Amino acid sequence: MNADQPTLVGGDSERQTKTKKKIKILIGNSAQNTQQKLQTFEAQALGFADQLFRVALRLCRDRAKAEDLVQETYLQSWRSFHRFELGTNLRAWLYKIMFNVHYSNQRKDRLHLVPVEETIAETLAYDPPTPQRLTEAEVLAALERLPRDFQIPIVLSDVEELSYREIADVMEIPIGTVMSRLHRGRKILRTELVNYARESGYKVSNMAKRGE
Amino acid sequence: MECRNFKELLDSYLCQELAVETNHQLLNHAEHCPPCRAEMASRRNMREALRRACSQDRLSEEACDRLRARLRAEVSASESLIGRRQRWTSLFDLRFAIPITVTAAVLIVAAVVMLPFLKSQTTPAQLFELSEALLSEAASDHHKCAPKFIQATRAAVMPSTVEPTYVGLEKVAASGAEGLRLHAAHVCAPDGRRFAHLVYTRDGALISLLVTERDKRALKIGNLPSADVSLAGLQEANLKNLSLGAFQTPKHVILVVSDLPTAENHKLAQTLASPVVEHIRKLDGQSVAALPQYRFDDGLTVLIASLRKGER
């Protein structure tokens, strides 16, 4: 009996150190995992911060609010990053989260989007030729004057180069609505620019290329 | 393809949303139509101007730093949560099983031992609060039984066949019942609980003095009283437009029920019930003098005595 005892004790202590190690590994692993995950997330997602911010600016029309919206978007997407499938479109996913956050903020503020004035573009039967000489400031000014419901699809499409399908997903509106808003929005934008060009004395049909 | 179609499709072409065939048709048309070719160039130019214009807006360095810091904070918060969770799960490790069981056992034993002490820490008012069941039965007895005797003119005497405690109750109560007219003295049990019932009137108001034997249901906590119930004093309640006042003795509950306003019933209960309460408490085998004194009572007495000394 006595001879057996030391081995018994030895076995016990061995088991104990094993469990201790296991616990340490568990804790260490999870911390490491989270750090690694954050690094992956930052490397992949933070690159889109400027792009998100640009759209956020159109949504909020205020720099500070847009910054908050971008931050909230990143926090939310970090929290659900485990649900994101690597290899799918991260940028569209981020936009979608941003619109979700924005919509829920709006619901909180009880500040709903002004309903689209569908008639605005209907009256524009004439589609003028696009002016060839235009400055960035002119384009931006014309964009600012557009109703927000037209502005945002145009920015998502022409600036951020999202596909119509992605815009529909992000904004949670049917793809047909996206297309009609883009169509009308662009028409209004062109008309605005033509009017501006006329007022400034430019010839719309001027073929001279804008020197850069 | 006509020029009109070309213009309609041009934006979608620039967005690369068209099918390959349509792209070819468009390019074909542009090749043979200089104005449309010019329009294509203009729109492309406008698109690029728009992109350049919007790209000037960038998230500021400060905002970017804030964003990173916020993410780090979020991560460290979630990490500490995970750590805590794991420390908890490690408690279930076998090595801890025995110490935990022993500690739990000690705590349970301590709790059981401490239970009476813990109870005595609740205020007497809470401890001796009468149950709603008792109060509503008393109110119901008054409501069902008392009106029958308003017209009674015969002298009311409690029959000698009832419980010894209740015999002669009307005589005991008489000293506190000044200005009241006694209509009946009997024992009744309309809802199952037995009450000694004295029915009085005063200026048309119907008043019942009820005495009932205490049982486990009498107190809200459902236990028999563990200490001096006289500490509870007069308890009052309002049920079905009736005012109730109740006193307790170790074995009985004495109630005064009337349709008087609460304040008047309160006054009446004090005068009407006090001789009965005194009488029954003696019968219960515990005169007031013999009741154990309580620490806080002593403290108060000492305090008052010392204050009085100071006055002098």
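These figures come from a predicted structure and were not determined experimentally. Chain letters run A, B, ... following the sequence lines, proteins first and then strands; every chain starts at 1. We use all heavy atoms of the structure for the numbers below, so side chains are in, but hydrogens, waters and symmetry mates are not.
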Short question: side chain of A/Gln151, backbone of A/Leu146 - any donor-acceptor pair under 3.5 Å? yes
Kindly check if the number of other-residue, nucleotide or ligand heavy atoms within 6.0 Å of CZ (A/Arg61) is above 12? yes
Just say parallel, tilted or perpendicular for the rings of A/Phe81 and A/Phe41, cut-offs at 30° and 60°. perpendicular
Out of B/Arg4, B/Met46, B/Arg47, which one racks up the most heavy-atom pairs below 4.5 Å with chain A? B/Arg47
Measure A/Leu182 against the heavy atoms of chain B and call it side chain, backbone, both or neither at under 4.5 Å. neither
Which one of A/Arg79, A/Met179, A/Glu160, A/Gln51 has the most heavy-atom pairs closer than 4.5 Å to chain B? A/Arg79
Listed partners of B/Glu62 passing side chain to side chain contact (heavy atoms under 4.5 Å, CB included), at least two apart: B/Ser60, B/Arg66
Contacting region of A/Leu52 [heavy-atom separation from chain B under 4.5 Å]: neither
Identify whether the distance between the nearest side-chain nitrogen and carboxylate oxygen of B/Arg70 and A/Glu72 falls below 4.0 Å. no
Which atoms of B/Cys15 come close to chain A, meaning under 4.5 Å heavy atom to heavy atom: side chain ones, backbone ones, both, or neither? side chain
Measure distances from B/Gln16 to the heavy atoms of chain A and classify the residue's part below 4.5 Å as side chain, backbone, both or neither. neither
Might you confirm whether atom NZ of A/Lys65 has over 12 heavy atoms from other residues, nucleotides or ligands at distances under 6.0 Å? no
Identify which part of A/Gln71 has an atom lying under 4.5 Å from any heavy atom of chain B, answering side chain, backbone, both or neither. both
Selection from B/Ser12, B/Ser42, B/Ala63 maximising heavy-atom pairs under 4.5 Å formed with chain A: B/Ser42
